[in-house]
Amino acid sequence: MLQQTQVATVIDYFNRFIRRFPDIPSLAAADPDRVLKAWEGLGYYSRARHLQKAARELVASGTPRVPDDPERFAQLPGVGDYINAAVQSIAFGHALAVADGNVKRVLSRLLMKADPVNRPAAHKIFRCLADRLLDCRDPGTWNQAMMELGALICRPRAPRCDQCPVSRDCGAFQQGQVGKFPARAAVGAVPRRQMVAGVVIRKGKMLIVRRPAEGMLGGLWEFPAGPVKTGRDTEAACREALLRTVGLTVTIAAHLGRVRHAYTHFTLDLDACLCRPLAGRVRLNGPEAFAWVRFDELSKYPLHKAVHKLLPKVRALPVFRLPPVLPF
């Protein structure tokens, strides 16, 4: 959970998750929708899918516990250098140094390293530096101290250098150049994508579909949707998307509005159209499953953030009392 996410955000999610899945066997046996629902809103959902896959592998191996072996642990789904070093050093005392974003920031200022921290090639450089400094007598405590130093003192903005226990050894502080580190390579403008979702109503229920298990937002539920090409009419794009992804011919009853959501690599503008089916039966092309649900049943399904932003617009309309066009 702490990959790409701050501790303050994680704490409540962690406590709820552990109550629902108190051990590896319970997580392995859980319905994937329950796991994603417990993760809902935390983002980077591949973490949840990998976590459950790892639990299932451990149960299948006959040893449903975290391996006290860095090489074995590193083979589990979702375990990279950071997870391996953090878990194996803190839980089992293995001499592996953590090199997460906080640690890289500390090292770049302390040693005045000009390597851009956002370039993949820099990870090996900072990991080697972290290895050199690691206290092998108590690696778990050392790693936690380094991460906390970066999170609480050596912050990205407004670092608390006056409270830093290593400021007299910090090259950037002594040279008055703390603001220049860590260096970051310039990145291009974040692209913007436009999509349209169809809120299809039938007999007081809405059609939702589940995204493929692999890939972005894998396993989450949403309204069937498709891209809107530049210059294309939104309502026409909605009709085309519904025919292509769920096999339904629909009429557009209303445009519900637009929401915007920022993901890591792009910004999404998502329009929503209220639709009523005219012909066809649901035939999936892309999504893995579908369900017709009442509005109050949506809380049972793991939905991504953009869908949640649409829900107030859907809730505000008395559309669930509209009769279906065809009783199929």
Side-chain angles (χ1 to χ4, degrees), residues 1-7 9-11 13-18 20-30 32 34-36 38-40 42-104 107 117-131 134 136 138-148 150-151 212-220 264-265 302:
M1 286 184 175
L2 288 172
Q3 282 182 308
Q4 307 292 327
T5 308
Q6 295 181 347
V7 173
T9 302
V10 163
I11 291 174
Y13 278 94
F14 174 81
N15 290 332
R16 289 195 299 268
F17 199 90
I18 291 300
R20 295 179 188 180
F21 314 110
D23 51 34
I24 289 175
S26 64
L27 176 59
R34 286 193 66 225
V35 177
L36 289 173
W39 205 276
E40 186 181 51
L42 197 57
Y44 298 97
Y45 292 93
S46 61
R47 297 179 296 179
R49 299 194 303 272
H50 287 150
L51 188 61
Q52 186 174 40
K53 286 181 181 178
R56 289 178 170 177
E57 284 191 15
L58 291 173
V59 168
S61 73
T63 54
R65 58 182 179 272
V66 177
D68 179 6
D69 176 356
E71 291 187 8
R72 169 73 181 96
F73 185 61
Q75 295 171 2
L76 293 174
V79 177
D81 287 343
Y82 163 63
I83 292 293
N84 198 24
V87 171
Q88 293 295 316
S89 66
I90 295 170
F92 303 117
H94 290 290
L96 297 172
V98 168
D100 72 343
N102 289 317
V103 173
K104 290 176 183 177
L107 294 174
V117 294
N118 58 334
R119 283 185 176 162
H123 178 72
K124 184 177 180 179
I125 296 171
F126 284 100
R127 188 180 64 189
C128 290
L129 293 172
D131 285 337
L134 180 67
C136 295
D138 190 0
T141 300
W142 177 269
N143 281 330
Q144 291 179 80
M146 287 289 285
M147 290 188 284
E148 288 291 88
E214 300 301 325
M216 183 176 176
L217 305 175
L220 297 182
T264 306
H265 302 299

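Here the structure is a predicted model, which is why all the values come from computation and not from measurement. Residue numbers start at 1 and run along the sequence shown. Note: hydrogens, waters and symmetry copies are ignored here, and every other heavy atom, side chains too, is used.
- One distance of note links CG of L220 with CD of E40; it measures 7.5 Å at 0.5 Å rounding.
- Atoms OH and CG, on Y82 and L2 in that order, are 5.0 Å from each other to the nearest 0.5 Å.
- For the atom pair CG (L58) and CZ (R72), the distance works out to 5.5 Å, reported to the nearest 0.5 Å.
- Here the side chains of Q3 and Y44 are not in contact, with every heavy-atom distance at 4.5 Å or above.
- Atom-to-atom distance recorded for D68:CG and Q88:CD is 6.0 Å, nearest 0.5 angstrom.
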Item to check | Steps toward side-chain contact (heavy atoms from CB on, under 4.5 Å) verdict (I24, V66) | outcome: CA-CA 9 Å; I24 289 175; V66 177; 4.2 Å; yes
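- Taking both residues in full, the closest heavy atoms of I83 and G78 are given as CG1-O, 4.2 Å, listed atom of the first, atom of the second, then distance.
- Closest heavy-atom contact between P67 and F73: CD-CD1, 3.9 Å.
- Looking only at side-chain heavy atoms (C-beta outward), F17 and L51 come within less than 4.5 Å of each other.
- The CD atom of E57 sits 6.0 Å away from the CG atom of L76 when rounded to the nearest 0.5 Å.
- Nearest heavy atoms, V98 versus M147: CG1-SD, 3.7 Å.
- Atom-to-atom distance recorded for L134:CG and L96:CG is 8.0 Å, nearest 0.5 angstrom.
- The two residues D131 and A97 have their closest heavy-atom pair at OD1-CB, 3.2 Å.
- Residues K104 and A99 share a closest heavy-atom pair of CE-O, 3.4 Å.
- Heavy atoms from other residues, nucleotides or ligands lying under 6.0 Å from CZ of R119 number 12 at most.
- Of the possible donor and acceptor atoms, one in the side chain of S89 sits under 3.5 Å from a partner among the backbone N and O of A86.
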Item to check | Pair M146-L107, side-chain contact (heavy atoms from CB on, under 4.5 Å): steps then yes or no | outcome: CA-CA 9 Å; M146 287 289 285; L107 294 174; 4.0 Å; yes
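- None of Q52, R47, R49 except one satisfies the side-chain contact (heavy atoms from CB on, under 4.5 Å) rule with W39; the exception is R47.
- Using a 4.5 Å heavy-atom threshold, the side chains of F126 and V117 count as touching.
- Heavy-atom minimum distance, A28 versus R56: O-NE, 2.8 Å.
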